[in-house]
Enquirer: 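Pasting a structure below so you can have a look.
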2 protein chains.
Amino acid sequence: MKFEVVTIKDIAKALNLSTSTVSRALRGSYEISPETKKLVLEYAERMNYRPNPIALSLKEQRSRAIGVVVSEIANNFFSQAIAGIESIAYNRGYHVIITQSHESKERELVNIQHLVSRSVDGLLISLSSETSDLSYLQQLYEKGFPVVLFDRISNQIDTHKVTADNYMGAFHATEHLIYQGFKRIAHITSSTHLSITRERLQGYKDALAKHHIAVNENLIKYCNHGGMMIDEVEVAVEDLFRPKIKPDAIFTAGDRLSTICLGIIKQKQGAIRKAGFIGFTNTNLADLFSPPVSVVRQPAFEIGQSATELLTSMIESKRPVTTFETKVLPTNLIIRESSLQQQD
Amino acid sequence: MKFEVVTIKDIAKALNLSTSTVSRALRGSYEISPETKKLVLEYAERMNYRPNPIALSLKEQRSRAIGVVVSEIANNFFSQAIAGIESIAYNRGYHVIITQSHESKERELVNIQHLVSRSVDGLLISLSSETSDLSYLQQLYEKGFPVVLFDRISNQIDTHKVTADNYMGAFHATEHLIYQGFKRIAHITSSTHLSITRERLQGYKDALAKHHIAVNENLIKYCNHGGMMIDEVEVAVEDLFRPKIKPDAIFTAGDRLSTICLGIIKQKQGAIRKAGFIGFTNTNLADLFSPPVSVVRQPAFEIGQSATELLTSMIESKRPVTTFETKVLPTNLIIRESSLQQQD
DNA sequence: ATGAAAGCGCTAACAC
DNA sequence: GTGTTAGCGCTTTCAT
């Protein structure tokens with residue numbers, strides 16, 4: 001069952017022209033006489049003709065659509081990044097198709113394959129926390145398929161990349177805690193497969209080192225599902241606070257991790273409540289928390305925009321692109337109550 | 001530039017068969033000899049053959065994909081609903097294409113047209129707050145195109161619909177405030193174009209009526225952009241608290257509206273702080289707020305699931321579907337501190 | 001059991 | 001300036 005859409009053929013028949021003439025008239029070819037052109041255009045308008053993008057994709061092997069793969073749209077960072085992606089894509093004439101990997105490498109692969117076979121013209125990817133083997137993506141990129149990595153990137157692939165300055169973001173957050181007088185700063189982060197994990201971890205460690213605080217591996221907890229499983233975070237927090245000597249501050253490395261961790265802390269009350277807290281998150285609600293929460297905020301919208309600009313320029317480039325850039329955008333340290341030393 | 005994908009033609013050539021034989025072998029037709037079948041299947045496997053979905057869509061006028069149009073994915077209700085949609089769609093073999101209207105009726109229309117012309121097999125729509133004229137959608141539905149409305153529905157179209165019980169949700173929220181002793185309960189809501197606005201408003205009014213409290217139109221504020229524009233909400237809150245006699249409680253009718261409103265209240269301090277508060281929102285962070293915020297929570301995931309089940313059954317139905325159901329799922333009133341009467 | 005050919009909607013090289 | 005034709009990848013009728 002099809003929904004009676006007008007095709008070029010219908011117009012041609014109605015106007016006693018050939019399909020090619022109609023096609024040419026529609027796209028304003030100079031070879032067509034003004035009268036015919038007018039005739040066709042008006043009729044098409046009247047019949048509400050719309051070119052069939054599927055036929056176009058099949059013919060031209062392109063779709064004027066770009067595919068996006070993120071782990072989770074219910075994540076402030078990603079929904080803001082997607083807004084940035086759409087803002088650029090739409091006024092360059094691209095549609096945006098959003099898919100989620102839910103931090104699963106299989107799902108990520110399925111999504112990528114589906115998007116590619118649907119002839120998206122390029123891909124914007126933030127890797128799942130499970131992904132360590134990028135060979136599939138690598139093959140794609142070697143065949144010249146335009147891919148831009150953002151947020152969670154990888155050096156296994158040589159292409160354009162856009163991320164926040166995770167290292168400095170973590171460094172400044174940690175240093176801020178140190179300046180506040182915290183001594184035993186815990187770090188809760190996700191899988192070390194992720195570039196963002198490694199960068200933030202390094203920033204944390206280097207800040208400690210700068211201030212002559214020894215890194216204590218017991219104060220670093222890895223939640224490999226990045227907050228997708230609450231239990232994992234709960235165990236991490238419990239582990240952190242079980243020993244006699246407890247951390248006096250927590251620094252979390254991700255959106256979900258931060259909010260889940262705050263929830264657990266709130267629930268557990270007691271000693272934990274008193275620890276300082278700062279986390280990477282793009283929530284707009286941090287102000288509303290009790291206490292208001294200090295955060296490292298990423299320029300999510302701008303990251304989305306920048307990645308999309310690079311992608312569309314790759315797509316539209318005549319010659320294969322061979323030199324790539326990695327854009328690193330500064331993060332924003334927003335200090336609220338949660339990371340201040342309490343005077344009691 | 002295409003990415004060297006194997007086509008049926010390639011296989012046919014390599015195996016000295018016709019494309020039709022290969023096609024049939026691939027789909028396991030009984031007319032093909034076991035040997036040929038085996039040969040083809042193995043070769044296809046080896047070459048990593050994947051049918052081209054675009055060609056299939058063009059041929060079959062269907063795509064095994066469903067389109068989703070929501071106002072904003074950066075909204076807890078919608079991202080949860082989308083998770084529900086995906087959970088059903090994927091194991092019925094459908095892909096999900098997500099688009100956002102950003103509460104703009106033009107954008108909504110563009111998205112719908114794009115999805116339809118891309119041959120999605122059906123549409124899951126939550127209307128934008130600007131949408132009042134559904135004639136385009138109506139045409140679609142009259143041609144037999146499967147559409148299911150969810151959350152923000154309309155009686156202009158006779159099809160399957162799934163929503164939360166907005167009326168009762170609002171009724172109970174309001175009644176709860178009344179039981180707490182609040183007398184001047186304000187209601188901040190969005191455009192009356194939206195079904196959810198009207199239903200929640202009615203629930204609010206009826207609860208007041210039941211308890212013999214006169215409805216005061218000055219206590220009802222309409223933010224036509226549903227919280228997309230902060231200013232609008234700010235003006236509403238200011239209007240509410242400018243008069244000498246101020247409201248003693250606020251009941252907000254939407255996700256964004258609720259959180260923005262809380263932000264404004266927090267910022268303004270003073271008298272407003274003391275008002276009771278409850279709002280429709282699906283945020284998981286309400287517990288973390290100060291004070292913890294009472295909410296009306298919608299079964300977003302289940303709404304998404306249910307809508308998708310109805311849609312796929314419509315898509316797969318042999319005969320045109322003529323009787324439709326409207327599913328109404330109960331909301332969940334979660335009482336925390338913000339809506340309790342303070343004893344001071 | 002297999003092949004040839006048409007057709008889904010569109011464009012473009014090649015006539016005339 | 002306009003028409004004819006082939007082809008994008010696939011399925012399917014119709015021959016054989």
Side-chain angles (χ1 to χ4, degrees), chain A residues 1-41 43-44 47-65 113-114 116-121, chain B residues 1-41 43-44 47-65 113-114 116-121:
Chain A
M1 159 174 42
K2 195 45 192 177
F3 310 99
E4 300 130 50
V5 269
V6 200
T7 70
I8 281 195
K9 210 166 149 186
D10 299 328
I11 301 182
K13 207 176 298 171
L15 265 39
N16 253 311
L17 290 167
S18 76
T19 58
S20 39
T21 304
V22 175
S23 169
R24 278 186 279 240
L26 252 16
R27 30 195 34 247
S29 160
Y30 61 93
E31 330 173 85
I32 303 294
S33 74
E35 305 83 60
T36 315
K37 218 179 257 182
K38 186 153 174 284
L39 193 67
V40 171
L41 255 19
Y43 186 79
M47 300 304 281
N48 196 24
Y49 167 80
R50 295 272 172 274
N52 179 332
I54 301 210
L56 282 173
S57 296
L58 182 61
K59 175 101 194 123
E60 309 193 337
Q61 315 281 26
R62 59 174 281 155
S63 60
R64 292 208 74 83
Q113 288 177 327
H114 175 242
V116 171
S117 67
R118 286 257 155 222
S119 287
V120 292
D121 297 344
Chain B
M1 159 174 41
K2 194 45 194 176
F3 309 100
E4 300 131 50
V5 271
V6 201
T7 69
I8 281 196
K9 210 165 149 186
D10 298 328
I11 302 181
K13 207 176 298 172
L15 264 38
N16 251 310
L17 291 166
S18 75
T19 57
S20 32
T21 305
V22 175
S23 169
R24 279 185 279 241
L26 252 16
R27 29 197 33 246
S29 160
Y30 62 93
E31 328 174 85
I32 303 293
S33 76
E35 306 83 61
T36 315
K37 217 178 255 183
K38 185 155 175 285
L39 193 67
V40 171
L41 256 18
Y43 186 79
M47 299 306 281
N48 197 25
Y49 168 80
R50 296 272 172 275
N52 179 331
I54 300 212
L56 282 173
S57 296
L58 183 60
K59 177 98 195 127
E60 310 194 337
Q61 314 281 30
R62 58 174 281 154
S63 60
R64 293 208 72 83
Q113 288 178 328
H114 176 242
V116 171
S117 67
R118 284 257 156 222
S119 288
V120 292
D121 298 343

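All values reported here derive from a predicted model rather than from experimental measurement.
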Enquirer: Could you give the NZ-to-P distance, from K59(B) to dG9(D), as a whole number of Å?
Expert: 15 Å

Enquirer: Begin from the C-alpha positions of L15(B) and V22(B) and carry the test side-chain contact (heavy atoms from CB on, under 4.5 Å) through to its verdict.
Expert: CA-CA 9 Å; L15(B) 264 38; V22(B) 175; 5.7 Å; no

Enquirer: Calculate, to the nearest 0.5 Å, the distance between atoms CG and CD1 belonging to L39(A) and I32(A) respectively.
Expert: 11.5 Å

Enquirer: Just report the end-to-end axis angle for the helix from dA1(C)-dT16(D) to dC16(C)-dG1(D), five pairs per end, to 10 degrees.
Expert: 60°

Enquirer: Check whether any side-chain nitrogen or oxygen of Y30(A) sits under 4.0 Å from OP1 or OP2 of dT2(D), and answer yes or no.
Expert: no

Enquirer: Mind calculating the distance between CG (L58(B)) and C1' (dC8(C)) to the nearest angstrom?
Expert: 4 Å

Enquirer: Rounded to the nearest 0.5 Å, how far apart are NZ of K59(B) and CG of L56(B)?
Expert: 10.0 Å

Enquirer: Could you give me the CA-CA distance, side-chain angles and deciding distance for L26(B) and I8(B), then say whether side-chain contact (heavy atoms from CB on, under 4.5 Å) is met?
Expert: CA-CA 9 Å; L26(B) 252 16; I8(B) 281 196; 4.1 Å; yes

Enquirer: Measure from NZ on K13(B) to P on dA4(C) and round the result to the nearest Å.
Expert: 14 Å

Enquirer: Of all the nucleotides listed (dT11(D), dC8(C), dT11(C)), which has the minimum atom distance to the side chain of Q61(B)?
Expert: dC8(C)

Enquirer: Roughly how many Å is it from CZ in R118(A) to P in dG9(D), rounded to a whole number?
Expert: 15 Å

Enquirer: Taking atom types as modelled, find out whether S63(B) and R118(A) have a side-chain donor-acceptor pair closer than 3.5 angstrom.
Expert: no

Enquirer: In whole angstroms, how far is the P atom of dT12(D) from the CD1 atom of I8(B)?
Expert: 11 Å

Enquirer: Side chain of S33(B): nearest nucleotide among dT2(C), dG9(C), dC10(D)?
Expert: dT2(C)

Enquirer: Given Y49(B), which of L41(B), I11(B), V40(B) fulfils the side chain to side chain contact (heavy atoms under 4.5 Å, CB included) condition?
Expert: I11(B)

Enquirer: Tell me which of K37(B) and P51(A) sits closer to the 5' end of DNA chain C, going by the nucleotide each one is nearest to.
Expert: K37(B)

Enquirer: Contacts to DNA chain C from residues 16-28 of chain B, heavy-atom cutoff under 4.0 Å, which residues?
Expert: N16(B), L17(B), S18(B), S20(B), T21(B), R24(B)

Enquirer: Counting only N and O atoms by type, is there a donor-acceptor contact under 3.5 Å from the side chain of S23(B) to the main-chain atoms of T19(B)?
Expert: no

Enquirer: To the nearest angstrom, how far is I32(A) atom CD1 from dA12(C) atom P?
Expert: 13 Å

Enquirer: When the distance from CG of D10(A) to P of dC8(C) is rounded to whole Å, what number comes out?
Expert: 10 Å

Enquirer: Heavy atoms only: give me the nearest I54(B)-S57(A) pair and the separation to one decimal.
Expert: CD1-CB, 3.5 Å

Enquirer: Give the minimum heavy-atom separation between R64(B) and D121(B), together with the two atoms involved.
Expert: N-OD2, 2.7 Å

Enquirer: Just the rounded figure in Å: distance from C1' of dA15(C) to CD of E31(A).
Expert: 12 Å

Enquirer: Does dC8(D) have OP1 or OP2 sitting under 4.0 Å from an N or O in the side chain of K9(B)?
Expert: yes

Enquirer: Contact class for T36(A) (heavy atom, under 4.0 Å): base, sugar-phosphate, or nothing?
Expert: sugar-phosphate

